[in-house]
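Here the structure comes first, spelled out in structure tokens, and everything after it is commentary.
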Amino acid sequence: MPELPEIETVRRGLAPVMEGVRIVQADVNRPDLRWPFPENMSNRLTGAKIERLRRRSKYILADLDTGESLMIHLGMSGRMLISGAKLGTFTHDHPPAEKHDHVVFHLENGARVTFNDPRRFGAMDLLDTKTADSHKLLATIGPEPLGNSFDEAYLADALQNKGSPVKSALLDQRIVAGLGNIYVCETLYRARISPLRKAGQLSKLRVKSLVPIIRQVLTEAIEAGGSSLKDFRQADGDLGYFQHSFDVYGREGEPCRTDDCANTIMRAVQSGRSSFYCPTCQR
DNA sequence: ATGGGGGCCTGCCGGC
DNA sequence: TGCCGGCAGGCCCCCA
């Protein structure tokens with residue numbers, strides 16, 4: 001489900017409730033998600049103060065005052081929902097427990113944060129804060145697309161000589177962090193590049209044009225609170241609304257939004273995933 | 001060495 | 001109404 005804008009939206013929603021706050025109890029309702037939870041996870045979280053919530057790619061990292069960081073991945077269907085906290089002028093009451101509430105954090109400020117994940121593609125792990133970046137799941141991830149080290153020279157170099165379609169290259173987390181199927185489709189439409197085009201065949205100029213477009217799409221999506229299709233909710237339960245701004249994703253057979261283009265949006269399957277694009281505008 | 005496909009899970013939707 | 005196939009925003013791992 002969630003790509004970088006959705007994870008950033010969740011992080012921003014959780015931060016005011018969790019940062020500087022102690023966990024008084026952690027309910028761990030099953031032994032695993034995608035992988036087994038770390039040893040004694042509940043005990044290692046209980047009593048820990050969350051000093052900072054940060055994001056790396058699609059992972060949320062909660063730095064604790066114990067020297068450990070809790071790493072959270074939402075997989076395809078994961079949610080982190082706040083209850084019992086005053087959010088603005090509104091207090092969310094604690095809802096009854098739901099199916100797939102796998103981990104519940106009880107905070108000293110009376111708030112509760114519930115991790116719910118029907119498909120269980122999510123993950124949690126505890127890692128040494130000092131060496132968190134070298135965790136197996138984080139070590140090979142490429143630069144943050146909204147950070148300084150992601151620039152035109154970097155991307156041109158990374159895509160040079162790539163024989164795979166540009167769609168696959170942009171989905172490859174080693175090249176750039178945090179993009180998923182939706183935002184790659186939207187980026188390629190705005191860049192007027194066909195998802196089927198081999199990455200290494202693109203002119204330097206066209207590759208470079210991708211950098212500001214990627215930044216723009218992600219920034220707009222974050223400002224919109226992410227995209228809500230089936231599963232995604234912000235941490236306060238609200239929907240994101242960037243899905244209303246999709247030009248191509250999920251619009252197979254609908255008219256292309258480019259002025260004077262008479263074509264309709266097509267769907268192609270690339271390495272098992274749907275690519276949506278306009279065959280006229282995207283070359 | 002890289003690229004593609006399978007698999008992990010559950011839920012939902014459309015068609016028969 | 002019910003069953004079945006197909007599909008879903010991610011990503012590791014295996015194989016060629």
Side-chain angles (χ1 to χ4, degrees), chain A residues 1-10 29-37 55-60 71-80 98-102 115-125 135-142 145 158-189 195-201 214 217-218 221-222 224-234 239-253 267-276:
Chain A
M1 147 186 78
E3 308 180 28
L4 187 153
E6 289 74 38
I7 304 304
E8 179 61 21
T9 296
V10 170
N29 298 329
R30 53 173 300 122
D32 56 21
L33 291 168
R34 182 167 180 184
W35 296 288
F37 287 130
R55 181 188 58 72
R56 170 71 172 119
S57 188
K58 299 173 194 172
Y59 295 85
I60 291 172
M71 187 182 77
I72 301 167
H73 195 279
L74 301 185
M76 293 275 269
S77 58
R79 289 182 190 178
M80 298 277 282
E98 287 198 41
K99 199 175 175 183
H100 311 305
D101 284 351
H102 304 310
F115 180 95
N116 180 288
D117 182 12
R119 291 175 71 180
R120 277 188 269 127
F121 289 168
M124 282 190 200
D125 201 1
H135 186 279
K136 190 176 181 235
L137 297 174
L138 302 179
T140 57
I141 294 178
L159 298 191
Q160 201 171 26
N161 303 326
K162 276 233 153 252
S164 53
V166 61
K167 168 80 187 302
S168 322
L170 294 179
L171 278 176
D172 184 343
Q173 301 298 298
R174 293 169 301 183
I175 292 178
V176 55
L179 296 180
N181 207 28
I182 290 178
Y183 297 106
V184 170
C185 289
E186 295 300 316
T187 293
L188 291 173
Y189 170 79
L196 309 168
R197 175 80 53 194
K198 300 257 184 291
Q201 279 183 351
I214 288 170
V217 167
L218 296 176
I222 291 168
S227 303
S228 289
L229 297 184
K230 291 177 191 165
D231 300 318
F232 178 68
R233 289 291 184 285
Q234 304 189 31
L239 297 166
Y241 51 92
F242 191 73
Q243 66 279 10
H244 303 301
S245 302
F246 291 169
D247 287 317
V248 288
Y249 185 83
R251 296 193 62 245
E252 182 182 15
R267 185 174 77 99
V269 176
Q270 295 183 277
S271 41
R273 326 205 42 197
S274 292
S275 294
F276 298 91

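Labels below follow one simple rule: chain letters A, B, ... track the order of the sequence lines, proteins then strands, and each chain is numbered from 1. Values below: every heavy atom of this structure, side chains too, minus hydrogens, waters and symmetry copies.
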Does B:dG3 have OP1 or OP2 under 4.0 Å away from a side-chain N or O of A:Lys198? no
Of the options B:dG3, B:dC9, B:dG11, whose atoms approach the side-chain atoms of A:Phe121 most closely? B:dC9
Per atom distances to the A:Arg267 side chain, the nearest of C:dC12, C:dC7, B:dG11 is C:dC7
Nucleotide C:dC7, atom P - distance to CG of A:Asn181 in whole Å: 13 Å
Taking atom P in both B:dG5 and C:dC7, what distance in whole Å separates the two? 15 Å
Would you indicate whether the side-chain heavy atoms of A:Leu137 and A:Asp125 approach each other to under 4.5 Å? no
Within this structure, what is the CZ-CD1 distance for the pair A:Phe276 and A:Ile182, rounded to the nearest 0.5 Å? 9.5 Å
Tell me: CG of A:Leu170 to C1' of C:dG9, nearest whole Å? 16 Å
Less than 4.5 Å apart, any side-chain heavy atom of A:Pro145 and any of A:Leu4? yes
Please determine whether a side-chain nitrogen or oxygen atom of A:Lys99 lies at a distance below 4.0 Å from atom OP1 or OP2 of B:dG11. yes
Sole candidate of A:Lys58, A:Met80, A:Glu3 that passes side chain to side chain contact (heavy atoms under 4.5 Å, CB included) when paired with A:Leu74: A:Met80
Counting heavy atoms from C-beta on, name the nucleotide in B:dT10, C:dG9, B:dG4 closest to the side chain of A:Ser164. B:dG4
Taking only N/O atoms, report every protein-nucleotides 14-16 of chain C pair under 3.5 Å with atom names and distance.
none

Distance below 4.0 Å between A:Arg34 side-chain N/O and C:dC11 OP1 or OP2: no
What's the CZ-C1' distance between A:Phe115 and B:dC9, to the nearest Å? 13 Å
Between A:His100 and A:Asp117, is there a side-chain heavy-atom distance shorter than 4.5 Å? no
Fit a plane to each ring of A:Phe242 and A:Tyr183, take the angle between them on a 0 to 90° scale, and name the class: parallel (under 30°), tilted (30 to 60°) or perpendicular (over 60°). tilted
So what is the 5' to 3' dot-bracket string for DNA chain C, if pairs are Watson-Crick or G-U wobble with both distances under 3.5 Å, crossing pairs use [ ] and | means the partner sits on another strand? .|||||||.|||||||
Using atom CG of A:Leu171 as one end and atom C1' of B:dG4 as the other, report the distance to the nearest whole Å. 13 Å
When rounded to the nearest Å, what value does the distance between C1' atoms of C:dG9 and B:dG3 take? 22 Å
I'd like to know if the side chain of A:Ser274 and the backbone of A:Val269 have a donor-acceptor N/O pair within less than 3.5 Å. no
Classify the ring geometry of A:His102 against A:Phe115: parallel below 30°, tilted from 30° to 60°, perpendicular beyond 60°. tilted
Any base atoms under 4.0 Å from A:Gly163, or only sugar-phosphate, or nothing? Heavy atoms, all strands. sugar-phosphate
Is any side-chain heavy atom of A:Ile141 less than 4.5 Å from a side-chain heavy atom of A:Arg174? no
Taking the C1' atom of each, how far is B:dG11 from C:dC12, in whole Å? 23 Å
Mind calculating the distance between CD1 (A:Ile182) and P (C:dC11) to the nearest angstrom? 13 Å
Measure the shortest side-chain to side-chain distance between A:Thr140 and A:Gln173 over non-hydrogen atoms and say whether it is less than 4.5 angstrom. no
Whole-Å distance, A:Arg120 CZ to C:dC11 P, equals 18 Å
Whole-angstrom distance between B:dG6 and C:dG6, as gauged at atom P: 13 Å
Is there a side-chain polar atom (N or O) of A:Lys162 under 4.0 Å from OP1 or OP2 of B:dT2? no
Pair of N/O donor and acceptor under 3.5 Å linking B:dC9 base with A:Arg119 side chain: yes
Closest to the A:Tyr59 side chain, choosing from C:dG9, C:dC12, B:dT10: C:dC12
Compare side-chain N and O positions of A:Tyr249 against OP1 and OP2 of C:dG9 and report whether any pair is under 4.0 Å apart. yes
Donor-acceptor contact present, side-chain A:Gln234 to main-chain A:Thr9, <3.5 Å: no
Hey, are A:Asn181 and A:Lys167 close enough side-chain-wise for a donor-acceptor pair under 3.5 Å? yes
Given side chains that start at C-beta, do those of A:Ser227 and A:Tyr249 come closer than 4.5 Å, heavy atoms only? no
For atom CG of A:Asp117 and atom C1' of B:dC9, their distance in whole Å: 9 Å
Measure from CG on A:Asp32 to P on B:dT10 and round the result to the nearest Å. 11 Å
Scan residues 268-276 of chain A against DNA chain C and write down, sorted by residue number, each residue with any heavy atom closer than 4.0 Å; if none is found, say none. A:Arg273, A:Ser274
Looking only at the side chain of A:Lys136 (C-beta and beyond, no hydrogens), which of the listed nucleotides C:dG10, C:dG9, C:dC12 gets closest? C:dC12
Remember a base hit wins even if backbone is also touched, and classify A:Pro165 as base, sugar-phosphate or nothing at under 4.0 Å, heavy atoms. sugar-phosphate
Side-chain N or O of A:His100 versus OP1/OP2 of B:dC9: is the shortest distance under 4.0 Å? no
Does A:His73 make a side-chain N or O approach to OP1 or OP2 of C:dC11 shorter than 4.0 Å? yes
Closest nucleotide among C:dC11, C:dG9, B:dT10 to the A:Glu3 side chain: C:dG9
Against A:Val184, only a single residue in A:Leu171, A:Val217, A:Val176 fulfils side chain to side chain contact (heavy atoms under 4.5 Å, CB included); can you say which? A:Leu171
